[in-house]
Protein chains: 2
Amino acid sequence: MNLNHKHLVQEQFDTDTRELAELAKALGHPARIMILRELLLRRVCVCGEIVEVLPLAQSTVSQHLKALKEAGLISGTVEGVKSCYCVNPEALKRLSKLLKPLFDWAENPNCC
Amino acid sequence: MNLNHKHLVQEQFDTDTRELAELAKALGHPARIMILRELLLRRVCVCGEIVEVLPLAQSTVSQHLKALKEAGLISGTVEGVKSCYCVNPEALKRLSKLLKPLFDWAENPNCC
DNA sequence: AGTTTTTATCGTAAAAATACGATAAAAAAA
DNA sequence: TTTTTTTATCGTATTTTTACGATAAAAACT
């Protein structure tokens with residue numbers, strides 16, 4: 001496999017496909033799902049209480065937060081010494097929109 | 001990191017969380033999104049025409065098909081020398097159900 | 001019977017993801 | 001000012017993912 005073959009391969013797909021894949025990938029780990037759930041549960045944007053909820057080291061949680069942030073699913077602001085995160089509704093709406101054709105089909109499948 | 005530490009970590013999350021993560025992970029690659037799209041497009045279950053549509057080697061496509069199958073998103077039947085796949089609507093419905101709380105929140109967020 | 005077609009699997013290499021501890025950096029508290 | 005708290009990042013080890021070519025196995029032609 002070439003040095004950045006994967007990168008070249010990814011570019012062959014259209015934007016929507018790549019965007020959906022990226023959002024889905026960000027949701028593709030139980031820790032990150034839990035983070036989103038926790039952020040939704042506590043009405044206000046929370047910070048490192050997430051670490052206490054998850055069975056993972058602080059550095060690992062920080063890494064997962066970064067992944068969610070890079071996918072646009074959450075945004076974080078520095079609040080003094082603490083770091084506050086919240087779910088980005090727009091990203092979820094986008095994901096919903098991208099998945100809609102699949103879900104619509106599932107309600108009325110024409111095969112199998 | 002312990003030998004199967006990751007496995008132990010994954011077990012600490014509840015079933016719904018793990019199920020959602022697994023389904024999302026399966027969708028977390030543009031090639032697999034394309035496969036689903038292609039299966040939906042052609043009304044009847046198709047087989048290896050997928051290979052022709054994707055910019056990937058046959059063996060790689062086969063691997064992606066396996067991943068989707070293992071996640072329950074598609075099912076495949078052998079039709080003579082050919083292999084026929086189709087999307088499993090139940091899996092998509094399940095994914096939709098698991099994502100609904102997130103999407104509902106996004107329509108009426110209470111933060112940010 | 002021999003050849004072709006179709007697809008899954010094996011072997012393998014490179015890259016990415018996952019996890020942790022250690023540490024740095026900045027704000028807050030003492 | 002020193003210490004503590006909080007969080008991001010670095011370094012690193014391990015595992016998983018992604019990709020390919022080669023090959024095997026089974027059905028379908030010739």
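So you know, we letter chains A, B, ... as the sequences are listed, proteins then strands, and number each from 1.
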Between CG of B/Leu65 and P of C/dT6 the distance, given in whole Å, is 16 Å
Calculate the interatomic distance between B/Leu54 atom CG and D/dA19 atom C1'; express it in whole Å. 13 Å
Closer than 4.0 Å, any side-chain N/O of B/Tyr85 to the OP1 or OP2 of C/dT6? no
For the side chain of A/His29, starting at C-beta, report the closest nucleotide among D/dA22, C/dA19, D/dC20. C/dA19
C/dA8 phosphate, OP1 or OP2, under 4.0 Å from B/Ser83 side-chain N/O: yes
Would you mind building the protein contact string for nucleotides 24-30 of chain D? One character per nucleotide, 5' to 3', B for base within reach (heavy atoms under 4.0 Å), S for sugar-phosphate only, - for untouched. --BSS--
Output the rounded distance in Å from CD1 (B/Ile33) to P (D/dT18). 12 Å
State whether B/Thr60 places a side-chain N or O below 4.0 Å from either non-bridging phosphate oxygen (OP1 or OP2) of D/dA19. no
Tell me which of B/Gly48 and A/Ser59 sits closer to the 5' end of DNA chain C, going by the nucleotide each one is nearest to. B/Gly48
Roughly, in whole Å, what's the span from CG in A/Leu68 to C1' in D/dT7? 16 Å
Return the nearest nucleotide to the side chain of B/Ser62; candidates are D/dC20, C/dA8, C/dA19. C/dA8
Separation between OG1 (B/Thr15) and CG (B/Leu20), nearest 0.5 Å, reads 12.5 Å
Using whole Å, report how far CZ of A/Arg32 lies from P of C/dA16. 15 Å
Just grab all the salt bridge (charged side-chain N to carboxylate O under 4.0 Å, His left out) pairs involving residues 62-81 of chain A, residues at least two apart or on different chains. none
Working for side chain to side chain contact (heavy atoms under 4.5 Å, CB included), residues B/Leu102 and A/Val87: CA-CA 10 Å; B/Leu102 296 178; A/Val87 179; over 6 Å; no
Establish whether the base of C/dA8 is bridged to the side chain of B/Gln63 by a donor-acceptor pair shorter than 3.5 Å. no
Salt bridge check: are A/Glu38 and A/Arg42 linked by an N-O gap of less than 4.0 Å? yes
What's the separation between atom CG in A/Leu92 and atom CD1 in A/Ile74, rounded to the nearest 0.5 Å? 11.0 Å
Using a strict cut-off of less than 4.0 Å between a Lys/Arg side-chain nitrogen and an Asp/Glu carboxylate oxygen, indicate whether A/Glu22 and A/Lys25 qualify as a salt bridge. no
Whole angstrom is fine here: how far is it from CD in A/Gln12 over to P in D/dC20? 10 Å
Electrostatic pair A/Arg94:A/Asp16 at N-O distance under 4.0 angstrom: yes
Would you kindly give the NZ-to-C1' distance between A/Lys82 and D/dT5, to the nearest whole Å? 9 Å
Distance check needed: D/dT18 C1' versus B/Met34 CE, whole Å only. 17 Å
Taking only side-chain nitrogens and oxygens of B/Lys25, does any of them come within less than 4.0 Å of OP1 or OP2 of D/dT17? yes
If only side-chain N and O atoms of A/His64 are considered, is one of them under 4.0 Å from the OP1 or OP2 phosphate oxygen of C/dA19? yes
